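Have a look at the structure below, then the notes.
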Amino acid sequence: MDMTLREIGNTFGVSRRAVQGYEKVGLISASGKNERGHLLYDEVSQERIRRIKLFQQMGFTVKEIRDIIDAPDDILKAVLENQAKKMKEQIDNMEIMIGEVYGLIKNL
């Protein structure tokens, strides 16, 4: 089912500006307009927004997402494996920092 910009925002938790930005860089496109003239986004665009948001949560920039969103599966797999490795390193570093914070608290 096609959704308006407002419905997209409510469903996916993205701002109007973000959706417009995705359109501007070619990540998605409106599928048409409703009787009131509001832009509509089809299920393909909705799935792309879901994927864009996931990629952003993983730390990818919009430019990086533009480069990988339509990549062949083998390339996407390699990129995601590399990103997962980076995320794991960040988690490890945060755990060390948390330990140091608790150490500081203990010494207060």
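The figures that follow rest on heavy atoms only: side chains count, while hydrogens, waters and symmetry mates do not. Along the sequence shown, the residues carry numbers beginning at 1. All figures in this text were calculated on a predicted structure; none of them were measured in a lab.
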Please round to the nearest 0.5 Å and tell me the distance separating atom CD1 of Ile49 and atom OH of Tyr41. 7.0 Å
What one should report as the nearest heavy-atom pair of Ile52 and Ile28 is CD1-CG2, 4.2 Å
Passes side chain to side chain contact (heavy atoms under 4.5 Å, CB included), His38 versus Lys33? Steps please. CA-CA 5 Å; His38 297 127; Lys33 292 183 178 183; over 6 Å; no
Is atom CG of Asn93 surrounded by more than 12 heavy atoms (other residues, nucleotides or ligands) closer than 6.0 Å? yes
Ion pair present between Asp70 and Arg48, side-chain N to carboxylate O less than 4.0 angstrom? yes
Nearest heavy-atom contact between Ser31 and Asp42 is OG-N, 3.4 Å
Please tell me if the side chains of Gln57 and Leu54 come closer than 4.5 Å, counting only heavy atoms from C-beta onward. yes
Closer than 3.5 angstrom, by distance alone: can the side chain of Lys53 be matched with the main-chain N or O of Gly13 as a donor-acceptor pair? yes
Flag, side chain of Glu43 to backbone of Asp2, donor-acceptor distance under 3.5 Å: no
Counting N and O atoms only, with roles assigned by atom type, does the side chain of Glu95 sit under 3.5 Å from a partner on the main chain of Asp92, one being a donor and the other an acceptor? no
Mind checking whether Ile69 and Val19 sit in one hydrophobic cluster, side chains of I, L, V, M, F, W, Y counted as touching below 4.5 Å? yes
Pair Arg50 + Glu47, salt bridge at N-O below 4.0 Å: yes
Would you mind reporting whether Ile8 and Gln46 have side-chain heavy atoms less than 4.5 Å apart? yes
